[in-house]
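Basis for what follows: all heavy atoms, side chains included, without hydrogens, waters or symmetry-related copies.
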Amino acid sequence: GRSRRREGREEEGGEGRMEASTDPAILIDFLQAMVSQTTWVYAELWAPSNGRLMTDAVWWRPGKSGEGFAALEMLSRSMALKRGAGLAGKAWEKGELEWSEDLTVKGSALEGSPRQAAVEAAGVMASLTVPVKTDEGRVVAVAVLLSQRVEPVAQAKIAAVEALSASAAPFLEHLVAQRESQSARGAGGAEPKEDWG
């Protein structure tokens, strides 16, 4: 089955703590590392499964819009994206990083998306979609980072998240291959109900 994320929660004193999760810890660590390179507050990792992209892990900064992000996570985990559908599906298809500075403007990358209402309700204003590619250029996962403020493009941040995604690619490639092998043997978990794209 699909896994759940670890959520950072604020305790007295302002220190975050981590709740139990069934998301592989290494995926949560990867998302935290991606977010730490930026001012983004929410991150999802999408990976291929049975020819569709599925949400594998979700993390957001402690104390940041928990309720809005919980609804967004629930929606994301219910979806299976075809190549080219949504922010993650576009990065999967094109293999290119996409930085959307302001999702609130008419004609943004978010407009018409099935996740538009949930993203807006969470106060998201910008996105950074990062394909995780092997040395051969094959996309094995897609990280989607979201911010609650307009985010002008910053080349240093792009270089940092691209380097991080390249270092994670071998592990994620192995994870996807392992899942596909299990699926071929009939050991796959329940698929999401909604197919988008």
Does any non-hydrogen side-chain atom of [Y] lie less than 4.5 Å from one of [X]?
X      : Y      : value
Gln32  : Met34  : no
Ser147 : Val124 : no
Thr129 : Leu97  : no
Arg77  : Met54  : no
Phe69  : Val41  : yes
Leu27  : Leu175 : yes
Arg52  : Lys82  : yes

Provide the closest heavy-atom pair for [X] versus [Y] in the form atom of the first, atom of the second, distance.
X      : Y      : result
Ser76  : Thr55  : O-OG1, 3.2 Å
Ala122 : Gln148 : O-NE2, 2.9 Å
Phe30  : Ser165 : CE1-CA, 4.0 Å
Ala169 : Val132 : CA-CG1, 3.7 Å
Pro170 : Ala166 : CD-O, 3.6 Å

[atom1] of [X] to [atom2] of [Y]: how many Å apart, nearest 0.5 Å?
X      : Y      : atom1 : atom2 : result
Asp135 : Glu173 : CG    : CD    : 8.5 Å
Trp60  : Leu72  : CH2   : CG    : 8.5 Å
Asp56  : Leu172 : CG    : CG    : 8.5 Å
Lys157 : Leu145 : NZ    : CG    : 11.0 Å

Using the rule that Ile, Leu, Val, Met, Phe, Trp and Tyr join whenever any side-chain heavy atoms are under 4.5 Å apart, tell me whether [X] and [Y] fall into a single cluster.
X      : Y      : result
Leu164 : Ile26  : yes
Ile28  : Leu45  : yes
Val161 : Val140 : yes
Val153 : Val130 : yes
Leu146 : Met125 : no

Query raised in the report: Under the 3.5 angstrom rule, does the side chain of Arg83 hit a backbone N or O of Gly51 as a donor-acceptor pair?
Result: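 Pair absent, no side-chain N/O of Arg83 close to backbone of Gly51.
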Query - Whether Ser100 side chain and Asp102 backbone form a donor-acceptor pair below 3.5 Å - result: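 No, because the side chain of Ser100 does not come within donor-acceptor range (under 3.5 Å) of the backbone of Asp102.
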Requested in this report: With sequence neighbours excluded, tell me which residues meet side chain to side chain donor-acceptor pair (under 3.5 Å) with Gln155.
Outcome: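 Gln155: no side chain to side chain donor-acceptor pair (under 3.5 Å) contacts found.
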Requested in this report: Begin with the C-alpha distance, continue with both residues' side-chain angles, and end with the deciding distance and a verdict on side chain to side chain contact (heavy atoms under 4.5 Å, CB included) for Leu53 and Val142.
Outcome: CA-CA 9 Å; Leu53 271 188; Val142 176; 4.2 Å; yes
Query - Stepwise side chain to side chain contact (heavy atoms under 4.5 Å, CB included) check, Ser127 with Leu103 - result: CA-CA 7 Å; Ser127 68; Leu103 293 171; 3.9 Å; yes
Query raised in the report: In terms of ring plane angle, is the pair Trp99 and Trp40 parallel, tilted or perpendicular, where the classes change at 30° and 60°?
Result: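 Perpendicular: the ring planes of Trp99 and Trp40 meet at over 60°.
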Report task. Determine, step by step, whether Val58 and Tyr42 satisfy the side chain to side chain contact (heavy atoms under 4.5 Å, CB included) criterion, reporting the C-alpha distance in whole Å, the side-chain angles of both residues, the deciding distance to 0.1 Å, and the verdict. Result -> CA-CA 8 Å; Val58 174; Tyr42 175 93; 3.5 Å; yes
Requested in this report: Report the hydrophobic cluster partners of Met74, with the cluster defined as I, L, V, M, F, W, Y residues connected by side-chain heavy atoms closer than 4.5 angstrom, directly or transitively.
Outcome: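 Listed partners: none, Met74 stands alone.
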Query raised in the report: Salt bridge or not for Arg115 and Glu44, using N-O below 4.0 Å?
Result: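 A salt bridge links Arg115 with Glu44.
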Could you go through residues 86-93 and list every donor-acceptor pair under 3.5 Å that involves a side-chain atom there, pairing it with any protein atom two or more places apart or in another chain?
none

